[in-house]
Amino acid sequence: MVAEPSPQDNILLDVRGLKKYFPIQRGLLRRTVGYVKAVDDVTFFVREGETLGLVGESGCGKTTAGRTIIRLYEPTAGSALFKTRLLSPDGSPQMVDLLKADKQQLKLLRQEIAMIFQDPINSLNPRMSVSDIIAEPLVIHGRGKGPEVEEIIVNLLERVGLRPEHMRRYPHEFSGGQRQRIGIARALALNPRLVICDEPVSALDVSIQAQTLNLLQDLQADFNLSYIFVAHDLSVVQHVSDRVAVMYVGKIVEMADAEELYINPLHPYTEALMSAVPKPDPLYKSERIVMQGDVADPSNPPPGCYFHPRCRYAVDICSKQTPEFRELRPDHFVACHRAEELQLRGV
Amino acid sequence: MAQATTKGASETKKQVSQSYWSLVWWKFKKNKTAVVGGIILIVFYLCFVGLAEFLAPYSLERRSNYTEAPPQIIRFIDAQGKFHLRPFVYGLEKHIDQETRKRTFKEDPSRVYPIYFFVRREPYKLFGLFPTDIHLFGVDESDPAASIFIMGTDSNGRDYFSRILYGGRLSLMIGLLGQFLTLLLGCVLGVISGYYGGATDMFVQRTTEFLNAFPDIPLFMALAAAIPKHWSPVTVYFMLTIILAFVRWGGLARQVRGLILSLREREYVLAARSAGASDARLMFRHLLPGTMSHVIVIATLSIPGMILSETALSWLGLGLRPPLTSWGVLLQEAGTVYAIRYAPWLLWTIPFLLITILAYNMLGDGLRDAMDPYGGR
C-alpha cells in the first residue's frame with residue numbers, strides 16, 4: 001500500500017496516508033451525519049530542491065492537502081515526516097512528523113515551511129503596510145530588531161523585483177502581480193526550505209503568470225527551495241515541476257517524473273487530463289477525451305476505484321476493489337487495476 | 001521652464017502613501033453633513049464637559065429668590081429704541097396673580113443690567129485642575145437684585161442655563177463611557193466567540209440571547225434597585241454606566257462574531273497562522289482590526305441610545321438622583337403638566353438633547369460611508 005521512496009533519495013517531506021475528513025453536522029445537537037473526505041489516504045514525497053506539482057480539478061482536495069500538511073487544518077490520520085535541523089541541538093537533520101508535532105515544535109518547524117496563497121488580494125492584510133506584512137514572520141519568531149529587520153525587508157523586496165520604497169505602501173496600491181510578489185517575499189522571510197504554493201498564479205493574467213513562475217524558479221535555484229506546487233493548469237505545472245502528482249476526489253491516482261507523466265501516463269484520468277491540454281500547433285487535430293458524468297461526491301464516493309463511473313476502460317474489479325497505489329516503473333506510481341495492460345496516450 | 005519640469009519631477013517622486021485611516025479621513029472630509037455633525041459634537045463636548053464652569057454664570061446649586069422666573073432676553077435695543085453696543089437684560093419684577101395667588105415674574109424695562117464679559121464670580125477649577133474664578137459673562141452683582149437667567153430658573157430659583165451645562169456633562173459622558181465599556185465587552189467576547197467557535201461560541205451566544213430576550217425596563221429596575229441607597233452619587237453614576245454597558249454588549253458581540261467568522265477564513269489570516277502567529281496575535285492584530293470600521297460605526301450610532309437610556313432611566317427615577325444632575329434629571333423636573341403650563345422654559349433641555357443625538361447620527365452615517373474607502377467611487 002505504501003509507496004516506499006528509494007533509500008538513496010534525498011527526501012525532505014514524506015507524506016503517508018494523509019487523511020482529512022470534514023464532518024457534516026446537522027440538526028440542533030450538531031450530530032455528525034457523515035464526512036466530506038477532502039483528502040483521503042494521500043501518499044507522496046518531496047525531494048530536496050525539487051518541485052512537486054499537485055494537479056487536479058476544483059474540489060479534488062489539493063489545497064486541503066497542502067493546508068493539512070502545514071497544520072492549518074487538523075489532520076484526521078496519516079503522517080508527514082519532515083527533515084529538519086532545528087529540533088536537534090547539534091543541527092543534524094532529523095525526520096519529524098509534522099502532523100504529531102506539539103505546539104512549540106510546530107512553531108519552530110513553521111520557520112522552515114512557508115506558504116504562498118492563491119488570491120493576491122485576500123492574502124495580504126489591507127490594514128498593514130508592506131513592510132509590516134513581510135516583517136510579520138520575523139516578528140513572530142523574534143528574529144532581528146528595527147534596522148536589521150528593515151534591511152532584510154529591503155533585500156527581500158529587491159529579490160522579488162520590487163523597489164525598497166514600496167515598503168511604506170499598502171497592498172491596495174499594487175497590481176495583482178506585485179501583490180503576489182509581496183506574498184512571495186513574505187514566504188521567504190524566514191529562509192524556509194519547503195514552500196507550499198497554493199495556486200500562486202491562477203489568479204493572475206497570462207503575461208504576469210510567466211514572470212511570477214520564472215521568479216519562483218530563480219528563487220528556487222538561489223535558496224535551494226523545495227516547492228509543492230498546487231495548480232489546476234497542466235501547462236503551468238509542466239513548466240515548473242520536476243515531478244507531478246495527479247489528484248482525483250481526495251486521492252493521488254498517479255505520481256511520476258513530469259516528462260514521463262506527460263508522455264507516458266498510466267492512469268486513465270491522467271490521460272483524459274492530458275487530452276485537454278491545448279497545443280500550439282494549428283495542424284494538430286484534437287482527439288479530446290470527453291469524460292462522462294460528474295466528479296464523484298467526496299462525501300459519498302463510489303465503491304472501488306473512485307474514477308470507475310467515468311472511466312472508459314473500467315471493468316468489473318474497478319467497482320469492487322480499491323486499487324493500490326504502487327510503483328509500477330521506477331519512480332512512477334499509479335493507482336489503477338489495469339495500469340499494466342492499458343496503452344494510454346500522452347501529450 | 002526647465003526649473004518647472006525639475007520641480008514637477010521631484011514632486012512626482014515624493015509620492016505619499018495613504019494608510020487606511022488617512023483614506024478614511026479623506027473620504028470623511030468630503031461628506032459635509034458628517035463633518036458638521038462632528039464639529040457640533042466637538043463643540044458640545046468642549047462646552048459641556050470641559051468648559052461648563054466657565055460658560056455657566058452660576059454654579060449648579062446656587063439658589064436665588066426668583067423661582068420659576070422666565071428667561072431674561074439678551075437685548076441690544078432698549079425701550080426707547082436706543083441701540084447699545086453692550087448687551088443688557090432687564091431686571092425681574094414680582095407679580096402676584098390675583099386669581100391663583102401664584103407668584104410670577106416679569107421683565108421690568110426700567111431696570112437695565114448690562115452684561116459684562118470675563119467677570120470674576122464664584123471660584124472653580126478649570127478642567128478640574130486650574131483654580132480660577134473667571135466666568136464668560138455675568139451682570140454687575142453690586143446690586144443684589146441683579147440677575148441673568150437666559151433660560152429662566154427652576155422651582156428652586158436655580159439658573160436653568162447653568163444647570164443644562166452641568167447636566168450635559170453627565171449625560172454626554174455616560175454615553176461615551178458606557179459605549180466604551182460596551183465596546184470593550186462586545187469586541188473581546190465577540191472575537192473570542194467567533195475565533196474559538198464550538199462550546200465557547202455556544203456559551204457567549206446563548207448569553208447574549210438571554211440578555212436580549214430580557215425585557216429592558218424590569219432589568220434596569222432590578223439592577224438599579226440593587227444599587228445601595230447610601231452609595232455616593234459618583235459611585236451610583238459609574239454603576240449606572242456599567243449597568244447600561246452590561247445590558248447592551250450582546251448585540252455588538254454578535255456582530256463582531258459574525259464578522260470574525262467571515263474574516264477567519266481569509267487567506268491573510270491563514271498566512272499569519274502558517275507563519276506561526278499565536279491566537280492572541282491573530283485575534284487582535286489580524287481579525288479585530290478588520291472589524292473596527294464596522295464597530296466604530298455601530299458604536300457611534302448607538303451612543304445616542306445610551307444617552308437616551310440614561311435620560312429615560314433618570315426620568316423614571318431609576319437612574320441618577322439629585323444632587324447629581326443630568327439631562328434626564330432635568331427632564332424629570334420638567335416632566336409635569338404644571339411645568340409645561342407655567343414654566344415651559346424648563347423644556348430647554350430637549351433641543352440640546354436633540355441636537356446631540358442628531359449630530360451623532362450624522363457623524364455615524366458619514367463614518368459608515370468613509371470606513372469603506374476602497375468601495376464606492
query: Step by step, would you call B/L270 with A/R67 a side-chain contact (heavy atoms from CB on, under 4.5 Å)?
result: CA-CA 9 Å; B/L270 293 178; A/R67 290 183 180 177; 3.4 Å; yes
- prompt: Just wondering, are more than 12 heavy atoms of other shown residues or ligands nearer than 6.0 Å to CD in A/Q94?
  reply: yes
message: As a quick check of understanding, evaluate side-chain contact (heavy atoms from CB on, under 4.5 Å) for B/R285 and A/M128, giving each step before the final call.
response: CA-CA 10 Å; B/R285 177 109 175 114; A/M128 287 163 78; 3.6 Å; yes
task: Apply side-chain contact (heavy atoms from CB on, under 4.5 Å) to B/R281 and A/V139, showing your working.
output: CA-CA 11 Å; B/R281 186 180 174 87; A/V139 173; 3.9 Å; yes
message: Can you tell me if B/F180 has over 12 outside heavy atoms packed within less than 6.0 Å of its CZ?
response: no
query: Tell me, side chain or backbone of A/Q118 under 4.5 Å from chain B's heavy atoms, or both, or neither?
result: both
field: Test item: B/E267 side-chain N/O and A/N122 main-chain N/O as donor-acceptor pair under 3.5 Å
entry: no
- request: Could you tell me whether A/R31 atom CZ has more than 12 heavy atoms of other residues or ligands within 6.0 Å of it?
  value: no
- prompt: For A/Y35, does the OH atom have more than 12 heavy-atom neighbours from other residues, nucleotides or ligands under 6.0 Å away?
  reply: no
message: For A/M95, is the CE atom crowded, meaning more than 12 foreign heavy atoms sit under 6.0 Å from it?
response: yes
- line: Only one of A/L124, A/N125, A/D119 passes side chain to side chain contact (heavy atoms under 4.5 Å, CB included) with B/Y268, and that residue is A/N125
- line: So CD1 of A/I69 and OG of B/S274: to nearest 0.5 Å the spacing works out to 13.0 Å
message: Please give me the minimum heavy-atom distance between A/H141 and B/A275, naming the atom from each residue.
response: NE2-O, 2.7 Å
statement: Here the pair of heavy atoms bringing A/I140 nearest to B/G276 is CG2-O, 3.4 Å
message: To the closest 0.5 Å, what do you measure between CZ (B/R273) and OH (A/Y73)?
response: 8.5 Å
message: If you count heavy atoms of other groups shown closer than 6.0 angstrom to CZ of B/F28, is the number above 12?
response: yes
task: Step through the shown structure and confirm whether more than 12 heavy atoms of other residues, nucleotides or ligands are within 6.0 Å of OH on B/Y196.
output: yes
message: Donor-acceptor check, side chain of A/R127 to backbone of B/P289, threshold 3.5 angstrom: yes or no?
response: yes
- prompt: Should the heavy atoms of other residues, nucleotides or ligands under 6.0 Å from CZ of A/F223 be counted, would the total exceed 12?
  reply: yes
